[in-house]
Amino acid sequence: MTRTLPYEFLRRCEWIRLSVINDLRFQGFLPSVMVAAVMSIVSQEIEPNNALDYRNQLMNILNISEVPKGLEMGIGTMSRERKQ
């Protein structure tokens, strides 16, 4: 990671988190699961070659077995729409 990469990671996570926080579709999920989904998506955008390793580390830290696919797909869609 370069020096500015952590700031870019935080900026993207914050933007996505603020985008989904008031969306009723995502309010039934635990905050830790939401964070895992957002961080997983952003790590895949920033460093696609290491995304799986980062995701596994994150899941171990948060003690989560998996992120629901619907949640990750929904947040990922919002992230891609932001770029366009």
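This is a predicted model, so every value here is computed, not measured. The chain is numbered in sequence order, starting from 1.
From Arg12, atom CZ reaches atom CE of Met39 across 14.0 Å, with rounding to the nearest 0.5 Å.
Remark: Asn63 CG is loosely packed, at most 12 non-hydrogen atoms of other residues, nucleotides or ligands lying under 6.0 Å away.
Under the side-chain contact (heavy atoms from CB on, under 4.5 Å) criterion, Gln57 pairs with Asp53, not counting sequence neighbours. Under the side-chain contact (heavy atoms from CB on, under 4.5 Å) criterion, Asn56 pairs with Leu52, not counting sequence neighbours.
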Kindly indicate, with the supporting measurements, whether the criterion side-chain contact (heavy atoms from CB on, under 4.5 Å) is fulfilled by Tyr54 and Gln44. CA-CA 9 Å; Tyr54 292 151; Gln44 189 169 5; over 6 Å; no
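The two atoms that bring Phe9 and Val42 nearest to each other are CD1-CG1, 3.4 Å, heavy atoms only. Across Ser40 and Ser43, no two heavy atoms sit closer than the pair O-OG, 2.9 Å. Nearest approach of Ile64 to Ala36, heavy atoms of both residues: CD1-CB, 4.0 Å. Across all their heavy atoms, Leu62 and Ser32 have their closest contact at CD1-O, 3.7 Å. Heavy atoms only, all atoms of each residue included: Ile46 and Leu5 are closest at CG2-CD1, 3.0 Å.
A salt bridge between Glu8 and Arg11 is present, with a side-chain N of the basic residue lying under 4.0 Å from a carboxylate O of the acidic one.
If you chain together hydrophobic residues whose side chains sit under 4.5 Å apart, Ile41 and Leu18 never meet in one group. Hydrophobic clustering places Met34 together with Leu30 (ILVMFWY residues linked when any side-chain heavy atoms are closer than 4.5 Å, directly or through intermediates).
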